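These numbers come from a predicted model, not from an experiment.
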Amino acid sequence: QVQLVESGGGLVQAGGSLKLSCTASGRPLSTYAMGWFRQAPGKERDFVAAIDWNGEHDYYTDSVKGRFTISRDNAKNMVYLQMNSLQPEDTALYYCTADSTIAQMLLARGPWGQGTQVTVSS
């Protein structure tokens, strides 16, 4: 099974930007659809963005469309989430995940890394 490690979180003011990274080991990412979820305190883990195995198609939850961009570099076994115009409601623990298809990923089965914390101050 693939092991995932997220990084790049931090504290940023509203309107700022962060770029999250996800690195994988165990298996090449090129065979997986990849995605990002987030979990705010006291809330469920929610879908944020996904990208298919070759990067041709990407999908976003409505609240981040036009602000976040998911991308991947299969040669480096990396997935990224560029987050612009961050708002306090984006504050959460962000997780990277992989699955055979995006449809399967939306079932939120994992695997999950340890997450990276994003905190946006107003």
Q. Tyr95 and Leu93: side-chain contact (heavy atoms from CB on, under 4.5 Å), yes or no, with the steps?
A. CA-CA 7 Å; Tyr95 296 91; Leu93 191 60; 2.8 Å; yes
Q | Any side-chain heavy-atom pair of Asp90 and Arg67 under 4.5 Å | A | yes
Q. Side chains of Arg27 and Gln1: closer than 4.5 Å at any heavy-atom pair?
A. no
Donor-acceptor pair, distance only, cut-off 3.5 Å: does the side chain of [X] make one with the backbone of [Y]?
X: Gln117; Y: Gly115; answer: no
X: Glu6; Y: Thr116; answer: no
X: Asn84; Y: Thr69; answer: no
X: Asp52; Y: Gly55; answer: yes

(Q) Counting neighbours of CH2 on Trp112 that are heavy atoms of other residues, nucleotides or ligands and sit closer than 6.0 Å, is the number greater than 12? (A) yes
Q | Residue from Leu20, Val64, Thr97 passing side-chain contact (heavy atoms from CB on, under 4.5 Å) with Trp36 | A | Leu20
So, taking the atom named [atom1] in [X] and the one named [atom2] in [Y], what distance separates them when rounded to the nearest 0.5 Å?
X: Ser17; Y: Met83; atom1: OG; atom2: CE; result: 8.5 Å
X: Arg38; Y: Phe47; atom1: CZ; atom2: CZ; result: 11.0 Å
X: Leu81; Y: Leu18; atom1: CG; atom2: CG; result: 9.5 Å

Q) How would you list, by chain and number, every residue that makes a side-chain hydrogen bond (donor to acceptor under 3.5 Å, both in side chains) with Tyr60, sequence neighbours excluded? A) Asp58
Q: Could you go through the side-chain contact (heavy atoms from CB on, under 4.5 Å) check for Ser21 and Met78 one step at a time?
A: CA-CA 7 Å; Ser21 298; Met78 297 286 292; 3.8 Å; yes
(Q) Apply side-chain contact (heavy atoms from CB on, under 4.5 Å) to residues Glu89 and Val120 and explain how you reach the verdict. (A) CA-CA 8 Å; Glu89 52 266 34; Val120 185; over 6 Å; no
**Q.** Asp73 vs Tyr80, side-chain contact (heavy atoms from CB on, under 4.5 Å): CA-CA, chis, key distance, verdict
**A.** CA-CA 8 Å; Asp73 186 335; Tyr80 307 98; 4.2 Å; yes
